[in-house]
> 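My structure is below; once you've seen it, I'll send some questions.
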Amino acid sequence: MTPLVAVVSSPRARLFACFLRLGAQQASPFQLHTGAALAAKSHYEVLVLGGGSGGITMASRMKRKVQAENVAIIEPSERHFYQPIWTLVGAGAKQLSSSGRPMASVIPSGVEWIKARVVELNPDKNCVHTDNGKEISYKYLIIALGIQLDYEKIKGLPEGFAHPKIGSNYSVSTVEKTWKALQDFKEGNAIFTFPNTPIKCAGAPQKIMYLSEAYFRKTGKRSRANIIFNTSLGAIFGVKKYADALQEIIQERNLTVNYKQNLIEVRADKQEAVFENLDKPGETQVISYEMLHVTPPMSSPDVLKMSPVADAAGWVDVDKETLQHKKFPNVFGIGDCTNLPTSKTAAAVAAQSGILDRTISLIMKNETPIKKYDGYTSCPLVTGYNRVILAEFDYNAQPLETFPFDQSKERLSMYLMKADLMPLLYWNMMLRGYWGGPAFLRKLFHLGMG
């Protein structure tokens with residue numbers, strides 16, 4: 001493996017650091033924007049639905065195109081979270097407080113923040129309705145409403161989280177319970193689940209398993225732990241190169257993986273989990289646990305499911321190369337709420353933002369979009385407290401790697417990137433609209449520059 005000092009001191013790394021400094025310089029600690037209380041306008045040139053990673057990033061980009069006063073974000077939440085770090089929070093490697101900031105601090109200065117929830121979309125009339133009774137019209141609409149957590153679709157949840165021994169890294173209210181369950185583990189089954197629905201960050205359900213195994217080893221509990229990964233899927237990972245590497249880790253660390261197993265009930269008072277066999281309808285299995293990490297079923301937000309912008313499954317129906325809506329040419333989608341056939345990750349949102357920026361620019365000029373999204377997404381597979389396999393791939397589930405080495409190998413440098421560099425990049429560049437994914441870096445590396 002390349003020595004860490006060489007990685008962080010190379011010309012390429014120094015160039016990358018320059019980009020980070022540029023982003024930090026652009027980010028003022030004091031964000032001035034128009035709040036809901038001062039809202040007087042009911043029409044915007046660009047209206048963004050959602051204040052998550054996709055919404056904030058696109059608002060920043062659109063501000064530079066049409067001026068801040070012509071852009072608005074509809075978002076009810078008071079805080080914005082960098083959710084990829086919750087894997088490490090659940091394993092005790094990061095503090096939850098490091099993952100969140102006030103929403104007011106990340107909304108681009110001058111952009112109006114409409115603090116409300118969207119309850120209806122009417123693309124035929126170019127308007128939306130909010131839960132405070134307002135109708136807001138637009139010239140261009142960007143839908144970035146994310147994905148909905150459906151804990152209640154598992155019998156016994158979410159009320160089961162009131163009991164010990166159970167947690168979930170997917171919610172701000174339950175991620176610290178994962179760490180508590182990990183610390184309190186004595187002996188028995190440690191179970192990790194993957195639901196029978198699309199989810200965001202499809203690698204996260206198994207990342208916490210690897211971290212838990214490492215924690216058990218570190219604390220002398222490994223011999224008393226039976227680690228089980230029950231997944232609804234038929235494979236450990238969708239890209240063969242990385243799946244092969246993960247299978248080696250699973251064998252080396254004596255982890256049990258059961259495929260086509262879907263969690264349908266949690267009996268938290270008895271510490272029992274009930275799974276259905278997807279290959280044999282009606283067949284169930286009850287497993288007792290000493291620790292349970294639940295990845296909830298997920299779906300498109302309810303407001304989208306029955307709206308005119310949704311496909312048959314409820315996701316925003318966009319062209320997979322341009323991110324323009326297939327029916328409404330002035331409507332666009334980004335991130336987890338779309339039906340793009342790629343993994344739902346923050347890295348995917350970064351790559352999509354650059355493409356969508358160019359798409360909208362050309363649409364505004366009555367020109368045809370030419371820049372095409374290749375489905376790039378990334379999943380830093382955390383396999384221990386100091387190791388990561390950096391999976392990067394495209395629509396065809398083919399590796400699309402940034403660095404000039406085999407990324408299917410566990411590396412300390414990639415862990416440091418995941419744990420420390422990526423949060424800086426997210427807050428200081430991506431949310432400011434200056435990061436469109438690693439395509440530029442990939443060109444630098446493969447051209448041999450630096």
Side-chain angles (χ1 to χ4, degrees), residues 19-20 22-28 31 33 44-68 70-75 77 79-85 99-114 138 140-147 200-201 316 318 322-324 331-338 340 342-361 363-364 371 373 375-378 421-441:
F19 292 138
L20 281 179
L22 173 62
Q25 290 166 3
Q26 295 288 343
S28 167
Q31 294 297 311
H33 57 82
Y44 297 89
E45 187 163 355
V46 179
L47 181 62
V48 180
L49 307 185
S53 57
I56 298 296
T57 298
M58 289 312 301
S60 294
R61 289 176 175 271
M62 293 300 101
K63 169 186 171 180
R64 296 197 289 269
K65 294 193 185 305
V66 300
Q67 302 302 315
N70 297 313
V71 181
I73 295 177
I74 302 179
E75 169 57 53
S77 303
R79 290 188 68 77
H80 179 103
F81 291 98
Y82 177 61
Q83 297 180 31
I85 210 69
S99 70
R101 295 185 182 181
M103 187 66 67
S105 72
V106 298
I107 290 179
S109 60
V111 168
E112 184 163 310
W113 176 18
I114 301 171
Y138 56 82
Y140 303 101
L141 179 69
I142 299 175
I143 305 173
L145 288 171
I147 198 168
K200 57 182 172 183
C201 193
V316 181
V318 296
T322 66
L323 283 71
Q324 184 179 25
V331 175
F332 309 87
I334 186 171
D336 297 352
C337 66
T338 67
L340 296 170
T342 193
S343 292
K344 300 177 184 295
T345 69
V349 171
Q352 291 164 22
S353 70
I355 299 297
L356 184 52
D357 190 350
R358 296 180 183 93
T359 291
I360 295 178
S361 294
I363 295 295
M364 287 177 170
K371 193 72 175 179
Y373 176 50
Y376 171 84
T377 191
S378 173
L421 181 59
M422 293 311 297
L424 289 173
L425 184 64
Y426 180 82
W427 294 113
N428 296 323
M429 290 191 69
M430 180 175 161
L431 293 187
R432 308 297 173 188
Y434 293 105
W435 177 249
F440 174 66
L441 286 178

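FYI, the numbering just counts along the sequence from 1.
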> Run the side chain to side chain contact (heavy atoms under 4.5 Å, CB included) check on Val111 and Ile73 step by step: do they pass?
CA-CA 7 Å; Val111 168; Ile73 295 177; 4.1 Å; yes

> So do Val349 and Met430 actually touch side chain to side chain, heavy atoms under 4.5 Å?
yes

> Restricting to side-chain hydrogen bond (donor to acceptor under 3.5 Å, both in side chains), what partner residues turn up for Thr342, sequence neighbours left out?
none

> Go through the steps to decide whether Thr377 and Thr345 satisfy the test side chain to side chain donor-acceptor pair (under 3.5 Å), and finish with yes or no.
CA-CA 7 Å; Thr377 191; Thr345 69; 2.6 Å; yes

> Any side-chain heavy atom of Cys337 sitting closer than 4.5 Å to one from Ile143?
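The answer is yes, as the side chains (C-beta and beyond) meet within the 4.5 Å cut-off.
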
> Flag the pair Tyr44 / Ile114 as yes when at least one side-chain heavy-atom distance between them is below 4.5 Å, and no otherwise.
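A side-chain contact under 4.5 Å exists here.
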
> Do Tyr140 and Glu45 have side-chain atoms, one donor and one acceptor, less than 3.5 Å apart?
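No, because no side-chain N or O of Tyr140 sits under 3.5 Å from a partner of the opposite role on Glu45.
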
> Please find the pair of heavy atoms, one from Pro438 and one from Trp435, that lie closest to each other, and give the distance.
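Nearest pair, atom of Pro438 first, then Trp435: N-CZ2, 3.7 Å.
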
> Please round to the nearest 0.5 Å and tell me the distance separating atom CG of Asn70 and atom CD of Gln67.
7.0 Å

> Check Ile56 against Val106 and note the closest heavy-atom contact, atom names and distance.
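Distance-wise, the nearest heavy atoms are CG2-O, 3.2 Å.
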
> Are any of the side-chain heavy atoms of Lys63 and Ser109 separated by less than 4.5 Å?
yes

> Are the side chains of Arg79 and Pro102 in touch, meaning some heavy atoms are under 4.5 Å apart?
yes

> Less than 4.5 Å apart, side chain to side chain, heavy atoms only: is that true for Ile107 and Glu112?
no

> Just checking, any donor-acceptor pair under 3.5 angstrom between side chains of Ser343 and Lys200?
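There is no such pair (donor and acceptor under 3.5 Å, judged by atom type) between the side chains of Ser343 and Lys200.
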
> Where is the tightest heavy-atom contact between Ser60 and Gly433, given as atom of each residue plus distance?
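Of all heavy-atom pairs spanning Ser60 and Gly433, the closest is CB-N, 3.8 Å.
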
> Would you give the length of the straight line joining atom OH of Tyr373 to atom CG of Leu340, rounded to the nearest 0.5 angstrom?
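Answer rounded to 0.5 Å: 6.5 Å.
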
> With the side chain counted from C-beta on, respond yes when His80 and Trp427 share a heavy-atom pair under 4.5 Å apart, and no when they do not.
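Yes - at least one pair of side-chain heavy atoms lies under 4.5 Å apart.
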
> Would you say that Ile334 contacts Ile142 through its side chain, given a criterion of any heavy-atom pair below 4.5 Å between the two side chains?
yes

> Find the distance between CD1 (Ile147) and OG1 (Thr338) and round it off to the nearest 0.5 Å.
9.5 Å

> Show your working on side chain to side chain contact (heavy atoms under 4.5 Å, CB included) between Val48 and Ile74 and close with a plain yes or no.
CA-CA 6 Å; Val48 180; Ile74 302 179; over 6 Å; no

> Short question: side chain of Thr359, backbone of Thr322 - any donor-acceptor pair under 3.5 Å?
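Yes, because the side chain of Thr359 sits within donor-acceptor range (under 3.5 Å) of the backbone of Thr322.
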
> Rounded to the nearest 0.5 Å, what separates atom SG in Cys201 from atom CG in Asp336?
9.5 Å

> Could you label the plane-to-plane angle of the Tyr426 and Tyr82 rings as parallel, tilted or perpendicular, counting under 30° as parallel and over 60° as perpendicular?
tilted

> Using ring pair (Phe, Tyr, Trp, His ring centres under 6.0 Å) as the criterion, list what pairs up with Phe332, not counting sequence neighbours.
none

> Could you walk me through whether Met58 and Leu356 pass the side chain to side chain contact (heavy atoms under 4.5 Å, CB included) check?
CA-CA 8 Å; Met58 289 312 301; Leu356 184 52; 3.8 Å; yes

> Okay, side chain of Trp113, backbone of Glu75: is any donor-acceptor separation there less than 3.5 Å?
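Checked: pair present.
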
> About how many Å separate CD of Gln352 and CG of Leu323, when rounded to the nearest 0.5 Å?
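Result: 5.5 Å between the selected atoms.
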
> Taking salt bridge (charged side-chain N to carboxylate O under 4.0 Å, His left out) as the cut-off, I'd like each qualifying pair that reaches into residues 346-359, sequence neighbours left out, listed once.
Arg61-Asp357, Lys65-Asp357

> Just how far is it from atom OH of Tyr138 to atom CG of Leu47, taken to the nearest 0.5 Å?
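One gets 8.0 Å once the value is rounded to the nearest 0.5 Å.
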
> Would Ser353 and Thr57 count as having a side-chain donor-acceptor pair, cut-off 3.5 Å?
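Thr57 and Ser353 do not have a side-chain donor-acceptor pair below 3.5 Å.
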
